[in-house]
Peer 1: 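I have a structure here, written as structure tokens, and I will follow up with some questions on it.
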Amino acid sequence: MVADETLLPVGDDPMASTGVPRRPGDLVRAVQELETAEGPRWVWADTREAYAPLLEQGVRVARCHDLALTEGLLLAHEGRYGEPRSARAAHARLHGLPVPDEQPNAAGTLFAPEPLAAEAVAEVLADQLRRIAALPEPGRFRLLVAAESAGALVAAEMSHEGMPWRRDLHDALLTELLGPRPVHGMRPAKLQALADEVAAAFGHPVNPDSVQQLVKAFKGAGVELRTTRSWELKRIDHPAVAPLLSYKELARLFSAHGWAWADQWVRGGRFRPEYVVGGVVSGRWATNGGGALQIPKVMRRVVLADDGWTLVVADAAQLEPRVLAAMAGDVGLARAAGEIDLYAALAQSFGGERANAKIAMLSAMYGGTSGDASKLLAVMRQRFPKAYQFVEDAAKAGEDGRIVRSWLGRTSPPPSERWRQLVSGPEGGRAARDRGRFTRNFVVQGTAAEWALALLAVLRGLLPEPARLVFFQHDEVMVHCPLDQAEEVIAAVSESAARASRLLFGSTPVRFPMEAVAVGSYADAK
DNA sequence: TGACCAAGCGCC
DNA sequence: AAAGGGCGCTTGGTCA
């Protein structure tokens with residue numbers, strides 16, 4: 001099955017190109033031929049729709065421009081957050097036509113819309129390039145668009161490739177922790193035993209999945225609870241607590257990543273989630289089903305390289321404080337960020353305590369106020385004034401109802417109407433501070449996400465055949481490759497980190513260490 | 001019955 | 001280790 005989608009190959013000068021409509025029948029071959037001959041930047045309405053069928057046919061492309069992702073970035077930058085961002089909507093706006101509503105979910109719709117004609121794709125592209133050129137920092141925004149689009153390619157390829165997942169080991173792990181797989185609708189034996197223990201401790205039946213029943217049962221036992229969160233339960237002295245805590249932990253494994261999950265998401269020894277590029281306002285990815293970004297650590301042991309292959313796993317160390325140092329241009333902080341252990345390098349400034357340096361940095365980036373935070377923030381303000389001021393400004397903007405932007409120009413959502421009402425009411429201070437914490441974090445998290453996208457884009461281009469990116473989680477990547485490519489892939493990872501840093505920040509003294517290890521099992525990566 | 005919300009917890 | 005911002009996903013519970 002070939003995508004019913006118009007593709008537009010664009011050479012180095014996008015404005016000079018013309019659309020090439022293709023009949024679906026020869027589309028795949030045409031793409032492959034052009035890709036080999038000219039390596040164009042493919043322009044399409046939506047990468048997931050256009051690229052997945054190509055991947056099915058074994059065709060991979062090097063570069064693309066995703067109209068919908070770009071439109072979303074542009075609309076937000078232009079203060080038009082929330083307007084429909086599909087290529088079709090963008091085309092309608094250009095011509096003053098009624099703008100179609102956003103497709104709620106491609107999988108859930110019965111009728112796919114007619115594909116955009118090549119002329120329409122070209123028009124939307126030209127309009128976007130004009131709008132980008134008119135921005136105050138067009139170069140940065142172009143990089144953002146390229147990185148976002150490259151991310152969309154990687155996401156489609158990772159969904160296609162899948163992360164190695166041994167169902168036999170997964171089943172063995174579940175059986176070890178929960179007991180054998182139960183018949184539908186039943187609890188596994190060990191889970192049921194824990195539920196029985198909880199009931200016995202109360203002296204009457206209690207459903208441990210029901211907050212209401214638990215609160216009531218504890219009340220009957222003379223214990224008043226505000227919530228049944230595990231950290232709150234841990235402070236309570238009652239015989240039901242221990243089995244209840246075990247129950248909660250295992251019940252989550254069972255329901256979120258148990259046998260039914262594997263039935264749905266694991267096929268042919270691969271876990272294939274659907275990634276949503278730009279699915280988080282800060283630019284991080286989200287997933288649509290499969291919970292790929294919330295896989296419990298205990299399950300890493302079932303992620304094994306194929307025979308003769310290895311997993312190269314790497315995560316960026318202390319990415320967010322390094323990003324802050326580079327963005328703020330804070331000389332002192334940048335010097336510390338030139339070291340492998342940034343917090344250790346900062347310790348001297350915070351009474352010799354590495355831990356204090358960490359709290360100070362985290363509090364500055366996230367708006368923390370607890371414990372020693374305010375005292376340490378005062379030190380930070382004095383020692384690293386530019387970094388301190390950078391996040392303070394972002395927080396102030398948020399509190400004032402203004403938007404903020406990441407380094408490359410991703411724009412935060414504007415405040416909601418509800419927030420504006422709230423902020424002028426009796427609880428206004430609280431609402432303002434909450435939004436201040438959000439915008440404070442947005443500039444750091446958003447730029448860290450951009451760095452990670454740039455890393456992915458570069459790494460994708462450096463990987464030798466047949467190595468494949470198979471997993472990405474905010475600041476961590478996994479490559480599946482033959483054993484004898486391990487060294488080359490590890491080198492490619494650190495080279496990509498260096499190039500990503502230059503792409504975003506030029507010649508900064510800040511280092512972005514990305515140490516990769518080759519392992520047989522994901523569980524051995526840390 | 002289905003839609004929706006809240007609680008709770010997994011990951012970074 | 002501490003912390004807080006961001007998410008997805010499941011369950012129970014309520015309401016129309």
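To find a chain, count down the sequence lines: A is the first, B the second, and so on, and within it residues start at 1. Side-chain atoms are counted along with the backbone in the values below, which use heavy atoms only and exclude waters and symmetry mates.
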Peer 1: Assign A:Q473 to base, sugar-phosphate, or nothing according to its heavy-atom contacts below 4.0 angstrom with the strands shown.
Peer 2: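 Here A:Q473 touches the backbone only, sparing every base.
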Peer 1: For A:S255, report the nucleic acid contact type (base, sugar-phosphate, nothing); a contact means any heavy atom under 4.0 Å.
Peer 2: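 Sugar-phosphate, no base atom in range.
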Peer 1: Taking the side chain of A:Q294 as heavy atoms from C-beta outward, which of C:dG8, C:dG12, C:dA3 is closest to it?
Peer 2: C:dG8
Peer 1: Check the side chains of A:R405 and A:T411 for a donor-acceptor pair under 3.5 angstrom, ignoring hydrogens and angles.
Peer 2: yes
Peer 1: Specify the residue among A:S363 and A:T287 whose closest nucleotide of DNA chain C lies further upstream toward the 5′ end.
Peer 2: A:S363
Peer 1: Between the side chains of A:E274 and A:S159, does any donor sit under 3.5 Å from an acceptor?
Peer 2: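 Short answer, no.
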Peer 1: How many Å lie between CG on A:L253 and P on C:dC9, as a whole number?
Peer 2: 16 Å
Peer 1: Can you find a side chain N or O atom of A:S210 that sits less than 4.0 Å from OP1 or OP2 on C:dT11?
Peer 2: no
Peer 1: Mind checking A:D315 for me? I need base, sugar-phosphate or nothing, with any heavy atom below 4.0 Å counting as a touch.
Peer 2: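 The answer is nothing, as A:D315 stays clear of every strand by at least 4.0 Å.
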Peer 1: Of the non-hydrogen atoms in A:G162 and A:V470, which two are nearest, and what is the gap between them?
Peer 2: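 Nearest pair, atom of A:G162 first, then A:V470: O-CG1, 3.4 Å.
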Peer 1: Under 4.0 Å, counting only non-hydrogen atoms across every strand here, what does A:R435 touch: a base, just sugar-phosphate, or nothing?
Peer 2: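 Touches nothing.
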Peer 1: Between C:dA3 atom C1' and A:F438 atom CZ, what is the distance in whole Å?
Peer 2: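 Those two atoms, CZ and C1', are 18 Å apart.
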Peer 1: ring-ring contact (aromatic ring centres under 6.0 Å, His included): which pairs involve residues 340-366 of chain A, sequence neighbours left out?
Peer 2: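 Every pair satisfying ring-ring contact (aromatic ring centres under 6.0 Å, His included) with a residue in residues 340-366 of chain A: there are none.
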Peer 1: Whole angstroms only, please: what is the CD-C1' distance between A:Q445 and C:dA3?
Peer 2: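 Roughly 14 Å, once rounded to whole Å.
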Peer 1: What is the separation between atom OH on A:Y366 and atom P on C:dG6, rounded to the nearest whole Å?
Peer 2: 12 Å
Peer 1: Figure out the CZ/P separation between A:F254 and C:dC9, and round it to whole Å.
Peer 2: 18 Å
Peer 1: Do A:R272 and A:W265 form a cation-pi contact, if we require the NZ or CZ to be under 6.0 Å from the six-membered ring centre and within 45 degrees of the ring's axis?
Peer 2: no
Peer 1: State, to 0.1 Å, how close A:L214 and A:N207 come at their nearest heavy-atom pair, and which atoms those are.
Peer 2: CG-O, 4.2 Å
Peer 1: Counting the atoms with a prime plus P, OP1 and OP2 as sugar-phosphate, which does A:V281 contact under 4.0 Å by heavy atoms, base, sugar-phosphate, or nothing?
Peer 2: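 Since only primed, P, OP1 and OP2 atoms lie under 4.0 Å of A:V281, the category is sugar-phosphate.
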Peer 1: Looking only at side-chain atoms of A:V280, point me to the closest of C:dT11, C:dG4, C:dG6.
Peer 2: C:dG6
Peer 1: So A:L362, base contact, sugar-phosphate only, or nothing? Heavy-atom distance under 4.0 Å.
Peer 2: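 Counting heavy atoms under 4.0 Å across all strands, the contact made by A:L362 includes a base.
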Peer 1: Mind checking if A:R252 touches a base, just sugar-phosphate, or nothing, with heavy atoms under 4.0 Å?
Peer 2: base
Peer 1: Grab the CH2-P distance between A:W261 and C:dT11 for me, whole Å please.
Peer 2: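 In whole Å, C:dT11 P lies 15 Å from A:W261 CH2.
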Peer 1: Looking at A:W451 versus A:F505, is the centre-to-centre ring distance below 6.0 Å?
Peer 2: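 That pair fails the under 6.0 Å test.
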Peer 1: So which atom in A:D330 and which in A:A387 form the shortest heavy-atom distance, rounded to 0.1 Å?
Peer 2: OD2-N, 2.8 Å
Peer 1: What parts of residues 398-406 of chain A reach DNA chain C, counting only heavy atoms under 4.0 Å away?
Peer 2: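 Hits under 4.0 Å, by residue number: none.
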Peer 1: Between A:Y51 and A:E157, do the side chains contain an N or O donor and an N or O acceptor separated by less than 3.5 Å?
Peer 2: yes
Peer 1: Which part of the nucleic acid, if any, lies within reach of A:K358 when heavy atoms closer than 4.0 Å are counted: base, sugar-phosphate only, or nothing?
Peer 2: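 Answer is nothing: A:K358 stays at 4.0 Å or more from every strand.
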Peer 1: Under 4.0 Å, counting only non-hydrogen atoms across every strand here, what does A:G290 touch: a base, just sugar-phosphate, or nothing?
Peer 2: sugar-phosphate
Peer 1: Measure OH/A:Y275 against P/C:dG6 and give the value in whole Å, please.
Peer 2: 23 Å
Peer 1: At the 4.0 Å heavy-atom cut-off to chain A, mark where contacts on DNA chain B begin and end, going 5' to 3'.
Peer 2: B:dA7 to B:dC12
Peer 1: Under 4.0 Å between a side-chain N/O of A:N288 and OP1 or OP2 of C:dG8, yes or no?
Peer 2: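 A:N288 to C:dG8 OP1/OP2: no side-chain N or O under 4.0 Å.
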Peer 1: Kindly point out which of C:dA3, C:dT14, C:dG12 is positioned nearest to the side chain of A:Q212?
Peer 2: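 Of all the options, the side chain of A:Q212 is nearest to C:dT14.
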Peer 1: Quick one: CZ on A:R80 to CG on A:L74, what's the gap to the nearest 0.5 Å?
Peer 2: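 Separation between the atoms: 9.0 Å.
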Peer 1: Take the protein atom NZ of A:K216 and the nucleotide atom C1' of C:dG12, then report the distance between them rounded to whole Å.
Peer 2: 15 Å
Peer 1: Please test A:W261 against A:F271 for ring pair (Phe, Tyr, Trp, His ring centres under 6.0 Å), starting from the C-alpha separation and ending with a verdict.
Peer 2: CA-CA 10 Å; A:W261 171 87; A:F271 167 45; 4.9 Å; yes
